[in-house]
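Throughout, numbering of the chain's residues begins at 1 and tracks the sequence. Note: hydrogens, waters and symmetry copies are ignored here, and every other heavy atom, side chains too, is used. Order of appearance sets the numbers: ligands from 1, and atoms from 1 within every ligand.
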Amino acid sequence: MKLTNPNRTHYIACNLCEAICGLEIKLENGQVRSIRGDKKDPVSKGHICPKAVALQDIYNDPDRLRTPIKKTSKGWSEISWKQAFDEVADGLKRVQHHHGKDAVAVYLGNPSVHNLDALLFGPMFFRTLKTASRYSATSVDQLPEQLVSLLMFGHSLLIPLPDLDRTGFHIIFGANPVVSNGSLMTAPGVTRRLKAIRERGGRLVVIDPRRTETAAIADQHLFIKPGSDVFMLLAMLQVVFNEQLVNLGTVAGFTQGLADIEKLVQGFTPEKTAPRTGVDPEQLKTLVRDFCNAGSASCYGRIGVSTQQYGTLTQWLINVFNIVTGNLDIPGGTMFSKPAFEILSSKPPGKKGFADRFSRVRKLPNFNGEFPVAAMAEEITTAGEGQIRALVTSAGNPVLSTPNGDEIDTALASLDFMVSIDIYLNETTRHANIILPPLTSLERSHYDIAFQALAIRNGAKYSQPVFAPDKTQRSDAEIFLELAWRMQAGSPLAKAGAWLKKEILKKLGNGWIINQRLKQGPYHKTHGLNLKKLKQNPHGIDLGPMQPCLPDRLFSDDKTINLAPRECVTEVADLGKLLLASAPSSATAEFDLLLIGRRDPRTNNSWLHNSHRMVKGKQRCVALVHPMDAAARHLRDGDMATVCSRVGVIEIPVSLSEDMMPGVISIPHGWGHQMEGVRLEVASKHAGVNTNILTDNYFLDTLSGNAALNGVPVRLSKD
Ligand SMILES: Nc1nc2c(c(=O)[nH]1)N[C@H]1C(S)=C(S)[C@@H](COP(=O)(O)OP(=O)(O)OC[C@H]3O[C@@H](n4cnc5c(=O)[nH]c(N)nc54)[C@H](O)[C@@H]3O)O[C@H]1N2
Ligand SMILES: Nc1nc2c(c(=O)[nH]1)N[C@H]1C(S)=C(S)[C@@H](COP(=O)(O)OP(=O)(O)OC[C@H]3O[C@@H](n4cnc5c(=O)[nH]c(N)nc54)[C@H](O)[C@@H]3O)O[C@H]1N2
Ligand code: SF4
Ligand SMILES: [Mo]
């Protein structure tokens, strides 16, 4: 594709969310004329959501940074790349020299995983820091799924995916794919795929404290009290054993721990757990029986069950439920992908990958070499050896995305040095001394390493840049390589070697790496897959449905599935005690409502709000509450209300909704752009508050330390 033709058409994959839809981008006079779904993409088949058009807004955004900026006493000033790289390296080295390696921390945000350069070249830089103080958005997201995969299957990236296109019965816990477009299941056009389950005579059931957009297209919706899914799953398993519905199916020969599970779930009957969950025992039993009779069935859970108090236990029991009903590794059940770019080639870092080390202040366990981000603020503010004094953020906005936003905001302000690799001056990056802006997605090439590996249908696609960046801009790859090179200590000879490596890698670029890995991958022999072939097929290549692959693909040393990891089993004893105490929920007299989250079709966490198209129209950042809860507090629709939790207070308009479960309040995250010093012209003019001012950095998933962003006890009142 010649980037000089001003009226060209590009076919690329959208990288905003996990669906990786194929897009057709038509240019006229060098400007984007249209962004449409690419009907010839063999997997997404023309699907697109309202966010894709925002890609051009990000590219054209006058607020988007193109050159490095430095904070001075007179405000921000543009500096050269050379000065920026030198000063960043000096700043980081200075802190490490005086306070040790761990005094420099790293926080990686969600778009890092959607960015090929960041995935390939970021680790080269981070390794040079040799710091244990590593954090990422994983611990406000999918940490439980990954931990459970590590404990059960031996690898944190061997994640079971629902075979949506063939399943006969699908249960969704705590996800709203109709709006989110699916997560930890790359399934572009997921609404169509969910509707198709019913069209072929299957069933779709949604379990959620809110009657969501996904519930609206389901056969059945069950309200559940936030944070109580673990009890429902224990009860579902109790029914499986009690009614002798156990069937390990094809995995029977290499699955351990069935008897432990049977013993464990005994006391958790549907009747006993009902006060805690709010789920009718008879409905629960029917659900289990129908699931077991469905031929093939899949149970899936996401953010609503991962970012809550029992996230890991819930994700574990979802896997167990799929396995003991004979639905793992069969078509229509939950299966594993076979990606063209293999991401499972080596074991994750650390001896065990989990709880190899503990955070300095609160002793939270690490996972895959990272600590839970809920501990980051205290690690910055608590004096002592190993205290964090400097921070590198890349593609992240923890002030709006992580619990106790006010505390993290204050902590960032106290750092000695901070650098952000980001395209915006936002709530987080305003604390940086220097911001290094990489390219936006229309200016770079892309192969989706992460989400092709999580796709419910195997595929491969290489996207080439739509626009050539300015000579003055730098890609993520260039930024990471420059920083890595400058951070290398050692002799002049070693430095010269490192310089050469950097220059070679810069020249070879990501295409070279992708080509190498495709050639080592499973479709090179069968499909002749390499980079050239992908370039010849810009719409992408379909590599077929998921295939049974166990026990070969297991990473556990003994090639078995561990149904009953010790870490999980021990925790269930505590749940038994909770049931005996018969507390109906985690709400308290002081904080009598439970807060949950919500996504909107036009948002992408915290960072698409500077596109006018994404924020125009009615205000989206409102608190949904049941009319009964509102009436009890003398609140009418549209009234401003105060919501407070143990850690913070916000003011927000309420919107009354019969779709809410009584006792629950729903507020979306990613808003609150009115902070001083933020350079987001459109976003900061739009109303909205940061719900993570309410979420509590001490309210965590008991096992993993993942943030419990759902089920947070709060109080609602009229001003
Ligand atoms: N439009 C849009 N799409 C997105 C994003 C976005 O910000 N906007 N973000 C992307 C990202 S990073 C991710 S990780 C994915 C997430 O994708 P999803 O997991 O689908 O996320 P949500 O839409 O937040 O759905 C979570 C659901 O959990 C419910 N819930 C809350 N608490 C509980 C509970 O205790 N139990 C149960 N059973 N349910 C509960 C909520 O009511 C909500 O309906 O979405 C991605 N896609
Ligand atoms: N209450 C509540 N909080 C939540 C959630 C929830 O459901 N409820 N969801 C959580 C989830 S699932 C997630 S994933 C996190 C997200 O948490 P974060 O990743 O910390 O936050 P984002 O809003 O995704 O911020 C992305 C940042 O990356 C920048 N950026 C965008 N593209 C690029 C790029 O290509 N390169 C670089 N270098 N920077 C880029 C943006 O400008 C922005 O600053 O939020 C979490 N927070
Ligand atoms: S669903 Fe996700 S990948 Fe598809 S167009 Fe929308 S934002 Fe892009
Ligand atoms: Mo996420």
Side-chain angles (χ1 to χ4, degrees), residues 15-19 49-51 58 64-65 107-115 117-118 122 136-138 140-142 172-184 206-215 222-229 232 301-310 314 373 393-403 405 420-429 436-441 444 476 479 594-608 610 660-661 664 666-670 680 690-692 694-695 707-712:
N15 76 324
L16 285 173
C17 87
E18 299 179 36
C49 85
K51 289 198 295 281
I58 301 164
R64 196 253 286 189
L65 304 172
Y107 173 84
L108 302 183
N110 165 282
S112 313
V113 193
H114 297 261
N115 179 325
D117 273 354
S136 79
T138 291
V140 282
D141 194 342
Q142 81 292 354
I172 300 180
F173 275 93
N176 188 12
V178 167
V179 169
S180 70
N181 290 291
S183 180
L184 291 191
V206 172
I207 297 154
D208 198 300
R210 180 169 79 89
R211 195 179 301 114
T212 60
E213 295 76 359
T214 306
L222 296 174
F223 280 120
I224 188 162
K225 293 185 188 172
S228 72
D229 305 76
M232 178 165 179
R302 206 47 277 276
I303 278 293
V305 288
S306 287
T307 52
Q308 55 137 294
Q309 200 178 358
Y310 301 112
T314 305
V373 69
T393 71
S394 179
N397 193 1
V399 171
L400 294 194
S401 313
T402 67
S420 291
I421 302 164
D422 206 292
I423 50 177
Y424 285 116
L425 173 46
N426 64 17
E427 300 73 20
T428 294
T429 61
L436 304 171
L439 304 178
T440 61
S441 49
R444 58 182 194 234
D476 295 81
I479 292 173
L594 296 179
L595 170 70
I596 60 169
R598 183 169 88 244
R599 285 173 158 77
D600 179 273
R602 287 169 196 271
T603 62
N604 201 24
N605 299 321
S606 76
W607 68 280
L608 279 194
N610 214 40
M660 290 302 298
M661 187 178 198
V664 183
S666 158
I667 304 180
H669 74 285
L680 296 165
N690 178 8
T691 187
N692 284 320
L694 298 173
T695 57
L709 305 167
N710 290 286
V712 182

K.L.:
Run the side chain to side chain donor-acceptor pair (under 3.5 Å) test against Thr402 and tell me which residues pass, sequence neighbours left out.
P.N.:
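Side chain to side chain donor-acceptor pair (under 3.5 Å) check on Thr402 returns nothing, list empty.
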
K.L.:
Are there any N/O pairs under 3.5 Å between ligand 1 and the protein, and if so, what are their distances?
P.N.:
residue: ligand 1; atom: 1 (N); partner: Lys51; partner atom: NZ; Å: 3.1
residue: ligand 1; atom: 1 (N); partner: Val179; partner atom: O; Å: 3.4
residue: ligand 1; atom: 1 (N); partner: Asp600; partner atom: O; Å: 2.6
residue: ligand 1; atom: 1 (N); partner: Thr603; partner atom: O; Å: 3.2
residue: ligand 1; atom: 3 (N); partner: Lys51; partner atom: NZ; Å: 3.4
residue: ligand 1; atom: 7 (O); partner: Arg599; partner atom: NE; Å: 3.4
residue: ligand 1; atom: 7 (O); partner: Asn605; partner atom: N; Å: 2.7
residue: ligand 1; atom: 7 (O); partner: Asn605; partner atom: OD1; Å: 3.4
residue: ligand 1; atom: 8 (N); partner: Thr603; partner atom: O; Å: 2.7
residue: ligand 1; atom: 8 (N); partner: Thr603; partner atom: OG1; Å: 3.2
residue: ligand 1; atom: 9 (N); partner: Arg599; partner atom: NE; Å: 2.9
residue: ligand 1; atom: 17 (O); partner: Ser180; partner atom: OG; Å: 3.2
residue: ligand 1; atom: 19 (O); partner: Ile303; partner atom: N; Å: 3.1
residue: ligand 1; atom: 20 (O); partner: Asn176; partner atom: N; Å: 2.9
residue: ligand 1; atom: 20 (O); partner: Ser180; partner atom: OG; Å: 2.7
residue: ligand 1; atom: 24 (O); partner: Arg599; partner atom: NH1; Å: 2.8
residue: ligand 1; atom: 25 (O); partner: Asn176; partner atom: N; Å: 3.3
residue: ligand 1; atom: 28 (O); partner: Gly174; partner atom: O; Å: 3.3
residue: ligand 1; atom: 35 (O); partner: Gly227; partner atom: N; Å: 2.8
residue: ligand 1; atom: 35 (O); partner: Asp229; partner atom: OD1; Å: 3.4
residue: ligand 1; atom: 36 (N); partner: Asp229; partner atom: OD1; Å: 2.8
residue: ligand 1; atom: 36 (N); partner: Asp229; partner atom: OD2; Å: 3.2
residue: ligand 1; atom: 38 (N); partner: Gly174; partner atom: N; Å: 3.3
residue: ligand 1; atom: 38 (N); partner: Ile207; partner atom: O; Å: 3.0
residue: ligand 1; atom: 38 (N); partner: Asp229; partner atom: OD2; Å: 2.6
residue: ligand 1; atom: 42 (O); partner: Asp208; partner atom: OD1; Å: 2.6
residue: ligand 1; atom: 42 (O); partner: Asp208; partner atom: OD2; Å: 3.4
residue: ligand 1; atom: 44 (O); partner: Asp208; partner atom: OD2; Å: 2.7
residue: ligand 1; atom: 45 (O); partner: Arg599; partner atom: NE; Å: 3.4
residue: ligand 1; atom: 47 (N); partner: Ser180; partner atom: O; Å: 2.9

K.L.:
With distance as the sole criterion, is a donor-acceptor pair present between the side chains of Arg599 and Asn605 under 3.5 Å?
P.N.:
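On atom types as modelled, these side chains qualify, holding a pair under 3.5 Å.
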
K.L.:
For Asn181 and Glu18, which I'm curious about, is there any donor-acceptor pair between the side chains at under 3.5 Å?
P.N.:
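No.
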
K.L.:
Out of all atoms in ligand 2, which are within 4.0 Å of some heavy atom of Asn115? Include the element for each.
P.N.:
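Per the distance check, 34 (C), 35 (O), 36 (N).
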
K.L.:
If you count the atoms of ligand 2 from 1 in the order shown, which ones are under 4.0 Å from a heavy atom of Thr691?
P.N.:
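Close to Thr691: 1 (N).
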
K.L.:
Can you find a side-chain donor-acceptor pair between Asn710 and Thr307 that sits under 3.5 Å?
P.N.:
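Checked: Asn710/Thr307 side chains pair up, N/O donor to acceptor below 3.5 Å.
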
K.L.:
With a cut-off of 4.0 Å, which atoms of ligand 2 are near a heavy atom of Tyr107?
P.N.:
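Atoms satisfying the 4.0 Å criterion: 17 (O), 18 (P), 20 (O).
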
K.L.:
Is Thr429 touching ligand 2 with its side chain, its backbone, both, or neither, if touching means heavy atoms under 4.0 Å apart?
P.N.:
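It is neither; nothing of Thr429 touches ligand 2.
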
K.L.:
Under the side chain to side chain donor-acceptor pair (under 3.5 Å) test, which residues partner Arg598, sequence neighbours left out?
P.N.:
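Per chain and number, Arg598 pairs via side chain to side chain donor-acceptor pair (under 3.5 Å) with Ser666.
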
K.L.:
Assess, by modelled atom type and distance only, whether the side chains of Asn115 and Ser112 contain a donor and an acceptor separated by less than 3.5 Å.
P.N.:
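Checked: Asn115/Ser112 side chains show no N/O donor-acceptor pair below 3.5 Å.
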
K.L.:
Is there side-chain contact between Trp607 and Pro111, with at least one heavy-atom pair below 4.5 Å?
P.N.:
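Yes, close enough: below the 4.5 Å cut-off.
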
K.L.:
Which atoms of ligand 2 have any heavy atom of Pro438 under 4.0 Å away?
P.N.:
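Result: 36 (N), 37 (C), 38 (N).
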
K.L.:
What part of Arg64, side chain, backbone, both or neither, has a heavy atom within less than 4.0 angstrom of ligand 2?
P.N.:
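It is neither; nothing of Arg64 touches ligand 2.
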
K.L.:
Side chain or backbone, does Arg444 bring an N or O within less than 3.5 Å of an N or O on ligand 2?
P.N.:
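The answer is yes, given that Arg444 and ligand 2 share an N or O pair closer than 3.5 Å.
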
K.L.:
Counting both backbone and side chain atoms, is some N or O of Thr695 under 3.5 Å from an N or O of ligand 2?
P.N.:
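Looking only at distances, the answer is no, because the N/O contact criterion of under 3.5 Å is not met.
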
K.L.:
Between Ser401 and Ser606, do the side chains contain an N or O donor and an N or O acceptor separated by less than 3.5 Å?
P.N.:
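Judged by distance alone, the side chains do not pair up.
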
K.L.:
Do Leu694 and Val712 come close enough that some side-chain heavy atom pair is under 4.5 Å?
P.N.:
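Leu694 does not reach Val712 side chain to side chain.
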
K.L.:
Under 4.0 Å from a heavy atom of Ile421: give me the atoms of ligand 2 that qualify, with their elements.
P.N.:
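Once the distances to Ile421 are compared, the set is 37 (C), 38 (N), 39 (N).
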
K.L.:
Check side chain to side chain donor-acceptor pair (under 3.5 Å) between Thr603 and all other residues, then give those that pass, not counting sequence neighbours.
P.N.:
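In terms of side chain to side chain donor-acceptor pair (under 3.5 Å), with neighbours along the sequence ignored, Thr603 is linked to no residue.
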
K.L.:
Answer with yes or no whether the side chains of Asp229 and Thr314 bring together a donor and an acceptor at under 3.5 Å.
P.N.:
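On atom types as modelled, these side chains do not qualify, holding no pair under 3.5 Å.
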
K.L.:
Between Asp476 and ligand 2, find which residue part has any heavy-atom pair under 4.0 Å and reply side chain, backbone, both or neither.
P.N.:
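Looking at Asp476 and ligand 2, just side chain atoms fall under 4.0 Å.
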
